[in-house]
Amino acid sequence: LFLMKKWNLIRLQYTELLDTTEEMASGDTKVTYNGKPGIFHELQEKLVRVQTGFDTAVQEEVKSQRMKSELITNVSHDLKTPLTAIITYVDLLKNENITAEERQEYVQVLEQKSARLKTLTEDLFEVSKATSGNIKLDPQELDLIHLIQEVQLNLEDRIMQSGIQFKLTVPQEKVMVCLDGQKTCRIFGNLLVNITKYGLYGSRASIDVETITDKVRVTLKNVSAAEITYASDEIMERFTRGDASRNTEGSGLALAIVKSIVEAQ
């Protein structure tokens, strides 16, 4: 009688656990097992982990599909805008009745839109290379502090126009790192330009360089001019823009390029 009771209890626990597993297999990742696991407690723990993994995978897939859809929409928009302007102004130039001043004005607009299209195409090509692992690096010993100061100096006019005061905090000694100089300049160039473009006018921004044992941490902080209305983990995604209306000259690729180059190095 004792063995029969024990066997019936085990069979009940097994059946409940099997039913839960079948519900999960049918796609219900939210199902929970409420019975007592008994001798199957290890299996229950594994099922909970599988359930959590399924849930995470589904959420990531949904997010990925949404980002792909937004990516296609944004690429189409950002490429179509300068192309439409170029076609329009080429048609205007065909008009023989326009004045020399108007012709010169149209040519200038064409130069601006062509440069905009060229920049966007190059940025898209670069982030595609980086994410596919085809980026070529030339690592060498360089002074990271000197590199940041050089990038900051090159962008001095832009920083002045932004009205943002940058404060650079660095260690007293040199910080030597083995990195690709050109690509690392691109990293800090993109970040500083991003701050000047989307930072609050008249606010402060900080660049902190600190050494932690055999590593170096560089932290950039600034105050956004507009309220951040999207999730913080999406800020590095391709074509995410601080300007939701997409009327500014940004391509939305700057931080994605930064992320790709940092990961490549």
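These figures come from a predicted structure and were not determined experimentally.
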Is there a chain of hydrophobic side chains (I, L, V, M, F, W, Y, each step under 4.5 Å between heavy atoms) that links Leu110 to Ile87?
no
Does any part of the side chain of Phe188, heavy atoms only, come nearer than 4.5 Å to the side chain of Ile207, both counted from C-beta?
no
Would you sort out whether Val218 and Ile148 count as a side chain to side chain contact (heavy atoms under 4.5 Å, CB included), showing the intermediate values?
CA-CA 10 Å; Val218 183; Ile148 295 173; 4.2 Å; yes
Nearest heavy-atom pair of Glu141 and Cys178: which atoms, and what distance?
OE2-CB, 3.8 Å
Side chain to side chain, Leu220 and Leu192, heavy atoms closer than 4.5 Å
yes
Rounding to 0.5 Å, atoms OG (Ser206) and CD1 (Ile195) come to a distance of 8.0 Å
Heavy-atom check, side chain of Ile145 versus side chain of Pro171, under 4.5 Å:
yes
Side-chain heavy-atom pair Val177, Thr184 within 4.5 angstrom cut-off
no
Between Ser203 and Asn222, does the side chain to side chain contact (heavy atoms under 4.5 Å, CB included) criterion hold? Intermediate values first, please.
CA-CA 8 Å; Ser203 62; Asn222 72 291; over 6 Å; no
What's the spacing between Asn190 CG and Lys197 NZ if we round to 0.5 Å?
9.0 Å
Quick one: do Val193 and Val223 end up in the same hydrophobic cluster if we chain Ile, Leu, Val, Met, Phe, Trp and Tyr together by side-chain heavy atoms under 4.5 Å apart?
no
Check: Leu255 and Leu191 side chains under 4.5 Å, non-hydrogen atoms:
yes
Smallest separation among heavy atoms of Gly181 and Gln140, with atom names:
N-NE2, 4.4 Å
Shortest non-hydrogen separation from Ile159 to Ile164 and the atoms involved
CG2-O, 3.7 Å
Is the count of non-hydrogen atoms from other residues, nucleotides or ligands lying under 6.0 Å from Tyr89 atom OH greater than 12?
no
Residues Thr169, Lys167; criterion side chain to side chain contact (heavy atoms under 4.5 Å, CB included); working and verdict:
CA-CA 6 Å; Thr169 305; Lys167 180 183 179 183; 3.9 Å; yes
Do you know which two heavy atoms are closest between Thr88 and Thr84, and how far apart they sit?
OG1-O, 2.8 Å
For the residue pair Asp143 and Met176, establish whether any side-chain heavy-atom pair is separated by less than 4.5 Å.
yes
Quick one: pull up CD1 in Ile10 and NZ in Lys5 and give me the separation to the nearest 0.5 Å.
13.0 Å
CG of Leu83 to OG1 of Thr81: how many Å apart, nearest 0.5 Å?
9.0 Å
Please walk me through it: do Arg103 and Leu93 pass side chain to side chain contact (heavy atoms under 4.5 Å, CB included)?
CA-CA 6 Å; Arg103 189 177 299 275; Leu93 284 171; 3.6 Å; yes
Can you establish whether the number of heavy atoms outside Gln182 located under 6.0 Å from its atom CD is more than 12?
no
Spatial distance of atom CG (Asp208) from atom NZ (Lys221) [nearest 0.5 Å]
6.5 Å
So which atom in Tyr201 and which in Gln161 form the shortest heavy-atom distance, rounded to 0.1 Å?
CE1-O, 3.5 Å
If every non-hydrogen atom of Val258 is compared with every non-hydrogen atom of Ile187, which pair is closest and at what distance?
CG2-O, 3.6 Å
Any chance you could measure Gln104, atom CD, to Glu101, atom CD, to the nearest 0.5 Å?
9.0 Å
Is any side-chain heavy atom of Gln149 less than 4.5 Å from a side-chain heavy atom of Leu153?
no
Just wondering, do Leu137 and Gln265 contact through their side chains at under 4.5 Å, heavy atoms?
yes
